[in-house]
Amino acid sequence: MEGRRILRLEQRRADLRFPLPDRFAERVANARIDRLARQAKFLAAYLSTGEVLVMHLGMTGRFTIAGGQPGSFHHTTGGALAHDHVVFHMEGGETVTYNDPRRFGFMELWPAEHFGAYPRLKDLGPEPLSNGFSAAYLDRALAGKAAPIKAALLDQSIIAGLGNIYVCEALYRAGISPKRLSRSVPGQRAARLAPAVNAIIAEAIAAGGSSISDFAATDGALGYFQHRFDVYDREGEPCKHCGSIVKRIVQSGRSTFYCPACQR
DNA sequence: GCTTGGACCTGATTGC
DNA sequence: TGCAATCAGGTCCAAG
């Protein structure tokens with residue numbers, strides 16, 4: 001999409017998680033996408049109109065690309081799917097379709113000039129794999145915090161971009177109990193946790209992400225990281241390291257999987 | 001100010 | 001087979 005114009009946008013319902021922008025189709029019609037970027041789990045398309053189209057996949061959102069001229073970037077999909085909510089008709093003939101059964105995703109337009117004030121992005125913490133994220137940063141960010149470390153790692157204002165799966169996997173890799181209070185992590189544990197977070201994210205990206213049930217790349221291919229989970233969704237199975245039984249608990253309403261023997 | 005839990009929504013799976 | 005209950009990758013907001 002980068003460098004191409006959106007010839008026409010087809011909006012098939014009024015809202016996703018939030019209402020779609022007012023006059024959405026009109027505001028993006030004929031706009032060129034000057035730059036496509038990602039921040040944490042947010043996608044940002046900088047438009048030639050001076051607005052930024054912010055997109056989030058929620059839990060079940062996906063983009064698929066179809067059509068186009070022979071020889072151009074082209075993926076075939078299985079045809080029209082239920083829950084195709086927004087279709088971008090691109091210069092060159094491709095269609096880029098946003099599908100999202102649960103509609104936890106969203107799309108918003110925001111002036112590029114004031115993008116720094118965009119509320120959903122302005123309080124994000126540093127991303128794993130960035131210079132701002134390190135054991136020293138964790139020491140500072142977790143100091144004095146009472147919430148369990150599992151909840152702190154899911155907090156996007158502390159670290160941006162980690163979800164439930166990768167938090168479980170990173171804590172296992174670092175040998176830290178998800179129930180441990182955040183304030184007891186700084187020091188040696190943070191020194192193990194920071195590289196564990198980076199390793200999990202890097203490996204997951206290299207494997208093409210995780211497919212629980214409906215994740216897919218733009219060509220419909222599934223991610224493969226889920227074949228490497230050490231603890232996530234492995235309740236009752238033996239720990240790959242020590243053979244103890246992997247446990248599942250609920251923290252802040254989310255499932256946590258961990259090895260009670262390896263993670264202290 | 002910090003933390004937790006419910007809400008948002010549909011579909012797949014499990015258990016009766 | 002059919003139905004109801006439960007659970008799922010994220011974020012926001014109200015209540016405690």
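Protein chains get the first letters and strands the later ones, always in sequence-line order, with residue 1 at the start of each.
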Out of C/dC12, C/dG9, C/dG10, minimum distance to the side chain of A/Phe18 belongs to C/dC12

Just by distance, do the side chain of A/Glu203 and the backbone of A/Ile201 share a donor-acceptor pair under 3.5 Å?
no

For a quick test of reading the model: is some side-chain N or O of A/Arg102 closer than 4.0 Å to OP1 or OP2 of B/dC8?
no

For B/dG1, does either OP1 or OP2 sit under 4.0 Å from a side-chain N or O belonging to A/Lys145?
no

Do the numbers put A/Arg120 on top of the ring of A/Phe18, so that NZ or CZ is under 6.0 Å from the six-membered ring centre and no more than 45° off the axis?
yes

Using a cut-off of less than 4.0 Å, is there contact between a side-chain N or O of A/Thr60 and OP1 or OP2 of B/dT10?
no

Is the backbone of A/His89 close enough, under 3.5 Å, to the side chain of A/Glu10 for a donor and an acceptor to pair up by distance?
no

Answer yes or no: does atom CZ of A/Arg13 have more than 12 heavy-atom neighbours from other residues, nucleotides or ligands under 6.0 Å?
yes

Can A/Phe104 be called stacked on B/dC8 when the rule is centres closer than 5.5 Å and an angle between planes below 30°?
yes

Atom CG of A/Asp100 and atom P of C/dG10: how far apart are they, to the nearest Å?
13 Å

Applying a 4.0 Å non-hydrogen cut-off, can you work out what A/Arg254 is touching in the nucleic acid: base, sugar-phosphate, or nothing?
base

With a 4.0 Å cut-off on heavy atoms, is A/Pro148 in touch with a base, just the backbone sugar-phosphate, or nothing at all?
sugar-phosphate

I need the CE-P distance between A/Met59 and C/dC12, as an integer number of Å.
13 Å

Whole-Å distance separating the OH atom of A/Tyr118 from the C1' atom of C/dC12
12 Å

Could you state the CG-P distance from A/Leu121 to C/dG10, rounded to the nearest angstrom?
16 Å

Could you say whether A/Phe42 or A/Arg248 is positioned toward the 5' end of DNA chain C, judged by the nucleotide with the nearest heavy atom to each?
A/Arg248

Would you kindly check if the NZ (Lys) or CZ (Arg) of A/Arg234 is within the cone defined by 45 degrees around the ring axis of A/Tyr172 and under 6.0 Å from the six-membered ring centre?
no

Expressed as a whole number of angstroms, how long is the span from A/Glu235:CD to C/dA8:P?
10 Å

Output the rounded distance in Å from CG (A/Asp155) to P (C/dC12).
11 Å

If the cut-off is 4.0 Å, is A/Arg103 near the phosphate of B/dT10, judged by side-chain N/O to OP1 or OP2?
yes

Please state the P separation for the pair C/dT11 and B/dG1 - nearest whole angstrom.
23 Å

Whole-Å gap separating C1' (B/dT3) and CD1 (A/Ile149)
14 Å

Polar pair under 3.5 Å, donor/acceptor by atom type, side chain A/Arg17, base C/dT11:
yes

Report yes if at least one side-chain N or O of A/Gln156 is closer than 4.0 Å to OP1 or OP2 of C/dT11; otherwise report no.
yes

Mate of B/dC9 across any strand shown (Watson-Crick or G-U wobble, both atom pairs under 3.5 Å) is none

A/His56 NE2 to C/dG10 C1', in whole Å, measures 6 Å

Between A/Ser255 and A/Arg248, a side-chain donor and acceptor under 3.5 Å:
yes

Taking OP1 and OP2 of B/dC9, is either one under 4.0 Å from a side-chain nitrogen or oxygen of A/His83?
no

